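Just below is one structure, and these are the notes that go with it.
The figures here come from the full heavy-atom set of this structure, side chains too, leaving out hydrogens, waters and symmetry mates. What you are looking at is a predicted structure, and each value in this text was computed from that prediction instead of being measured.
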Amino acid sequence: MTLMEDAQSKKANGLIKSAAKAENLDEEFIRAGVADGTIVIPKNVNRKLQEIVAVGKGLKTKVNANIGTSPDHIDIAEELAKLDAAVKAGADAVMDLSTGGDLVQIREKILAASPVQVGTVPIYEAACRTVAKGGKISEIDGELLFDVIEEQAQQGVDFITVHCGINKATVEVLNRQGRLAGVVSRGGSFLVKCINATGKENPLYEHFDRLLKIAKKYDVTLSLGDGFRPGCGFDASDGPQLAELSVLGELVLRSRKEGVQSMIEGPGHVPLNQIEANVILAKRLGYDAPLYFLGPLVTDIAAGYDHITSAIGGALAAAYGVDFICYVTPAEHLRLPDVQDVHDGVISSRIAGHAADIVKGVKGAAERDREMSKWRKARNWEKQKEFCIDPVKFAKERAKLPPQQEDVCTMCGEFCAMRDE
C-alpha cells in the first residue's frame with residue numbers, strides 16, 4: 001500500500017507523523033493533504049531517510065539543489081562535496097542530474113550519502129546509454145527508458161522527473177507556433193527529437209499506466225516535468241507551455257486514482273508581471289497538486305547572477321502558491337556549478353522561500369523574523385547569528401572588520417541608531 005493509499009484509508013503512518021513534527025502541524029492536516037494529493041512526501045520504500053520532508057499546500061516552501069556530473073567534468077568526490085554543501089546550506093532535497101561517468105555508481109554513492117530526498121531524471125541515463133552504443137538521441141527506445149526507470153526506482157530514488165506532457169499533439173503546437181529559445185529542457189528536447197524523427201508517441205505518455213505501476217511498486221513520487229518550460233522571457237506563457245500543462249493536469253488525476261503521489265513542475269523564465277498568472281493556471285489546471293518551479297528567472301541578462309534573478313522570481317512564485325523551488329546557481333547558463341555555487345544557490349532560494357512563507361502565513365516564519373529583529377535591537381550578536389539564515393556567513397562577515405565596541409558593528413560604531421543612550 002502506498003503512502004497516499006495509507007492516508008486515504010486513514011491508516012497510521014510514521015512518515016506522516018515525522019512530516020507533521022517537522023512542520024509543527026497537526027498530523028491530520030498532513031494526512032488529509034497526502035490523501036487528496038495536495039501534499040506529497042517523496043520517500044522510496046527501498047530507502048531509509050534521516051529527514052522526512054513534505055511538500056505542498058500550507059507547508060513551508062521547500063528547496064531542491066541539483067548536482068551531478070557532465071561529460072566534460074566527472075568527479076564523484078566533488079559531487080559528494082556539493083551534496084554536503086547543499087545539505088549544510090539547508091536544501092530539503094537534491095537531484096542527481098549526472099550525464100557523465102558511471103551513472104549507476106554515482107547515483108548509488110549519492111543515495112548512500114544523502115540524508116535528504118533524492119530525485120533523478122531517468123531519460124538522461126537512457127540518452128547516455130543510447131549514445132554510448134552509437135545511437136542518436138532521436139533513437140531512444142521506450143523499453144530502455146522504462147528499464148532505466150525501474151532500475152532507478154529499485155535503487156532507491158525518491159522522486160523522478162518524467163516529461164509525460166510532451167506528446168504528438170503538444171509537439172505539433174510547438175512546431176506550429178515556434179519559439180525564440182526553442183526547447184531548453186534537456187529531457188524535453190530528447191523527446192521532441194524522438195517524436196519529430198519517428199512520428200511515434202512519447203512512451204511515457206502512451207504507456208502512462210506502466211509508469212504508474214512502477215511508481216506504485218516503489219512508492220516513487222512522480223514529478224511531472226515541464227519539458228516545454230520557457231527558456232527566455234519572450235517564450236513565457238505561450239501555447240506549447242500551456243498545452244503541456246493541461247496534459248499534466250489530466251495525468252495528476254490518473255496518478256491519484258492509482259494512489260501514486262505526483263507534483264507538477266513549472267517554468268522557467270517568466271517576467272515578473274506573468275508569475276501570478278502562471279501559478280494560478282498551474283494550480284487550477286493541475287488540480288492543486290504541489291508545484292515545483294525552477295526559479296522562475298525574471299530577466300535573461302544576468303548571467304553570473306542568476307541565483308539572484310531566480311530568487312526574485314522564486315519569492316513571488318512561492319508567495320502566490322508554489323510549494324517547491326529548484327535552486328539556480330550563479331553558474332547557470334555558463335558552466336557546471338562548483339561547491340560554492342551550490343551553497344550560494346541554496347541560500348538564495350531559501351531566502352526566497354522564507355520571504356514567501358511570511359506572506360503565506362506559514363507557521364513560524366514571521367515569528368523567526370520577529371526574533372531576529374528583537375535581538376538586532378538588543379545588539380545581541382550571538383542570538384542574531386542563531387536566527388539568521390546563514391550563521392557561518394554571519395560570523396565571517398562580522399569577523400572581517402571587528403568593531404572597537406563589541407555591542408555594535410563597524411558601519412556606525414558608537415553612532416549606532418539602535419542604542420538607546
Problem - Side chain proximity check, Leu294 to Val328, heavy atoms < 4.5 angstrom - result: yes
Handout entry: Asp226 versus Ser185, side-chain donor and acceptor atoms under 3.5 Å
Key = no
Problem - Short side-chain to backbone donor-acceptor contact, Ser114 and Ile110, under 3.5 Å - result: no
Handout entry: Qualifying ring-ring contact (aromatic ring centres under 6.0 Å, His included) pairs with a residue from residues 30-58, counting only residues at least two apart or across chains
Key = none
Practice task
Please confirm whether the backbone N or O of Arg47 pairs with a side-chain atom of Lys43, one donor and one acceptor, at under 3.5 Å?
Solution key: yes
Handout entry: 4.5 Å side-chain heavy-atom contact, Arg379 and Arg419
Key = yes
Handout entry: Ser246 side-chain N/O to Ala243 backbone N/O, donor-acceptor pair under 3.5 Å
Key = no
Practice task
For the pair Asn44 (side chain) and Val157 (backbone), establish whether a donor and an acceptor sit closer than 3.5 Å, ignoring hydrogens and angles.
Solution key: yes
Exercise for the section: With sequence neighbours excluded, give me every ring-ring contact (aromatic ring centres under 6.0 Å, His included) pair touching residues 77-121. Expected result: none
Handout entry: Side-chain donor/acceptor of Gln117 to backbone N/O of Asp158, under 3.5 Å
Key = no
Handout entry: Within-4.5 Å side-chain heavy-atom neighbours: Val40 and Asp323
Key = no
Problem - Listed once per pair and sorted, the ring-ring contact (aromatic ring centres under 6.0 Å, His included) pairs that draw on residues 319-365, sequence neighbours left out - result: His269-His333, Tyr292-Phe324
Handout entry: Under 3.5 Å donor-acceptor, Asp96 side chain and Leu111 backbone
Key = no
Exercise for the section: Using the six-membered ring wherever Trp is involved, compare the ring planes of Phe394 and Trp381 and label them parallel, tilted or perpendicular (cut-offs 30° and 60°). Expected result: tilted
